[in-house]
2 protein chains.
Amino acid sequence: MAHKVTILDIARLAKVSTTTVSRVLHNKPDVDPATRERILRIVEEQGFVPSITAAGLAAGRNPLISVLVPALTWPLIPELLLSVASVVESTSYEMVLYSISSSNHERDCGKIIDRILATRLTAGLLAVFPGQSSQHLTRLRRQGFPVVLIDDQSPPPEGIPWIGADNRRGAYEATRHLIELGHRRIAHIQGPLKYCVSHERYQGYCDALQEAGLEVDPSLVLEGDFMPAGGQRCALALLSRPISERPTAIFAASDYMAYGVIAAAETLGLRIPQDLALVGFDDNPASAHVRPSLTTVRQPVHAMGEQAIKLLLEMIEQEQMPRRRRQSMPATAEEPPREAPRLVLPTSLVIRESCGALQRHPSALLPEI
Amino acid sequence: MAHKVTILDIARLAKVSTTTVSRVLHNKPDVDPATRERILRIVEEQGFVPSITAAGLAAGRNPLISVLVPALTWPLIPELLLSVASVVESTSYEMVLYSISSSNHERDCGKIIDRILATRLTAGLLAVFPGQSSQHLTRLRRQGFPVVLIDDQSPPPEGIPWIGADNRRGAYEATRHLIELGHRRIAHIQGPLKYCVSHERYQGYCDALQEAGLEVDPSLVLEGDFMPAGGQRCALALLSRPISERPTAIFAASDYMAYGVIAAAETLGLRIPQDLALVGFDDNPASAHVRPSLTTVRQPVHAMGEQAIKLLLEMIEQEQMPRRRRQSMPATAEEPPREAPRLVLPTSLVIRESCGALQRHPSALLPEI
DNA sequence: TCTACTTTCGTAAACGATTACGGCAACGGT
DNA sequence: ACCGTTGCCGTAATCGTTTACGAAAGTAGA
């Protein structure tokens, strides 16, 4: 344990060359079963594990998978990382985390990608919710660098595989649920319009209203910020209208904003769900524990993370094949813009207290006045 | 951009040897200012960044800093990682994250550490709240591996630097605050007793009571689980006692458990803070937004992360010095058990609605009956 | 002019793997 | 006896750096 054991030590102990040891370590042919067995035993005895650094240098392989996330404190990000990490841990890759401070999003993102390219340590990049700054990613991708996108960006940049939740359908189901509970004046607090998901969820909201023959009242749709403060502000605006114009239900585009709605309702003395029905979006872990517990649209975080990382690993495998030695391919080998897979994963409606479905009969379709 | 530029390319362009280039890259002496300038310009032009892999191989240095966290979904972990990450990003290290699933804590921790040692990619380890399984860490440390501990483990394992919050004083201040508000029957919902922090916070609770001449009533101290469910269970037990024995205030050892207390109080029709004062511990980001907003003890997460990673970087620096070439030191060079620094960072009491201090006069010392 | 430094720089051997290529038996067929 | 295969294995170059050591040139003192 004191002196690090190298592949040369193993070779000497087994009285073979390092080539042979390397061969058995990679399950390659051209080695006698007996020899293989012997080497394997010695490797085991010595507790030898090849140095990834050296192996990477020699084989032109990189040991890291980089994950780019907006901020660890954003909802669902920890859950997503958890499932990504558990897959990565089953490989020989290590996972590094880059979180971009929201302040200088754009510049930061570019710098991080420069760093990823420069240090030449990462084999593939998983970008979560990159927001606007995805031209960096396409640049990366066009160089043949494996990249997978999660959650935002529709349409996703050319040639980059993309995995996300079915925001539109999720929002549709949430709104339809409120309609089925009898609500007719349903407000929607949107996310920031610079994010595509905000538009998608708004579309789903409209879908449900139109299906029910209700018209979309623009004065009932406000732009929030995905944060409690914005939700509270919008809710105060919506709920202080004259009672005949006041919405009886609110569909918030994020759970965080729904928390703000709860706060606003309490301020105004409105009870949830009796006086106001509320549905959120995301299903934060905390949403089961707020009062009242929040009915919300659950994002398939676990599946998203798992699918994304598996896809990325496949891409890395493929990338490895063509370039045995660097010189063998033409210098400007632009990848053919093969069509990139796009996975849209279904959400699910989690019914709790805030929508009122648990108090009244779920199938109550009568409008309340 | 197509062909990766190496140090040899730079050397050729500058008509010097790679040695000289290496020297200017590391700000070493023995190079003419004019040459240095020229090389620097060429490096800039070519956008050359040395391969960390190769450098690590040659210099015996490792490019990674590993951070071991219990679970990303634990409170304050994301915030902690954020501050750690921002420091790491200013260095040439990359940060890798290992989160251990709570199920097989012990075994998992050992496996991760084996992996860290085996891949030989990490220069130092930052272990957050390792709980019980720290014998692995001491094993690591005794081999001279840089390790820094955060948050749990008192006394920390020999020779491992340790950084944590002043749990005892934080709990003391929280409890004293409740006493100053006039409460006399103050209950305490502890964290799991297997964690040291639970005992420390309990001690702080006792300190405050004793200072005020109040005796510690064992029936008012219950063991929770740090989660909302446990807090709810304990609160229901405490609050369904006959009114003369029922606590008028509860100090919960975590914000999560305080959320459970809020739920329990609502179930029983008790208002917070009018009928029951409540103080938590941690200051989760959500605690400012729950209803009622939670008075709590804020952990100095940012400072803890920053201090810890800086300490770790220093240790790595020191570690590098003695071993220029591997052969130069005796095989079994156990580190002398130099005393390890231990930093205890102060907490701060965040006063919000749940303790009732905002309603009544803060200095009201009269006991309520 | 000779010696002793100092400044500046290059040579070449690591670091720990991977891998193209070639070599040597043994074997079977003709 | 000759040749082509096949199975097994080693030689040595390579990946992109770092660094111990020494060399060359200039400077200064004697």
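Lettering of chains follows the sequences in order, A, B, ..., and the numbering in each one begins at 1. Bear in mind that the values here come from a model prediction, so they are computed numbers and not experimental data.
Applying the salt bridge (Lys or Arg N to Asp or Glu O under 4.0 Å) test to residues at least two apart or on different chains, the pairs with a partner in residues 38-50 of chain A are A/Arg41-A/Glu45.
Atoms CD and CD1, on B/Glu94 and A/Ile116 in that order, are 8.0 Å from each other to the nearest 0.5 Å. With rounding to the nearest 0.5 Å, the separation of OH in A/Tyr93 from CD1 in A/Ile316 is 4.5 Å.
A donor-acceptor pair under 3.5 Å links the side-chain atoms of B/Ser17 to the main chain of B/Thr19, judged by distance alone. A side-chain donor-acceptor contact under 3.5 Å links B/Arg120 to the backbone of A/Val49. Although no hydrogens or angles enter the test, the distance criterion places no donor-acceptor pair under 3.5 Å between the side chain of B/Asn62 and the main chain of B/Leu64.
For the pair A/Leu57 CG and C/dA14 P, the interatomic distance rounds to 17 Å; values are reported in whole Å. Taking atom CG of residue A/Leu8 and atom P of nucleotide C/dC15, one finds them 9 Å apart after rounding to whole Å. Rounded to an integer number of Å, the gap from CG of B/Asp9 to P of D/dT17 is 9 Å. Atom CD1 of A/Ile10 and atom P of C/dA17 are 9 Å apart (whole Å). Between the P atom of D/dT19 and the CD1 atom of B/Ile7 lies a distance of 11 Å, rounded to the nearest Å. Going from atom CZ of B/Arg61 over to atom C1' of D/dG16 covers 13 Å, rounded to whole Å.
Listed by residue number, A/Thr19, A/Thr20, A/Arg23 are the residues of residues 18-26 of chain A with a heavy-atom contact under 4.0 Å to DNA chain D. Interface residues of residues 30-55 of chain A facing DNA chain C, ordered by number: A/Phe48, A/Pro50, A/Ser51, A/Ala54, A/Ala55; criterion, heavy-atom separation under 4.0 Å.
Looking at heavy atoms from C-beta onward, A/Leu126 lies out of side-chain contact with A/Leu68 at the 4.5 angstrom threshold.
Proximity note for B/Lys28 (side chain, C-beta onward) versus D/dT17, C/dG10, D/dT19: the nearest is D/dT19.
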- Does the pair A/Arg139 and A/Asp114 meet the rule for a salt bridge (charged side-chain N to carboxylate O under 4.0 Å, His left out), with working shown? CA-CA 11 Å; A/Arg139 170 165 64 91; A/Asp114 281 347; 3.7 Å; yes
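For the pair A/Thr6 and C/dG16, the criterion of a side-chain N or O lying under 4.0 Å from OP1 or OP2 is not met.
For the 3.5 Å distance criterion, the side chains of A/Glu89 and B/Tyr98 fail to qualify, holding no donor opposite an acceptor.
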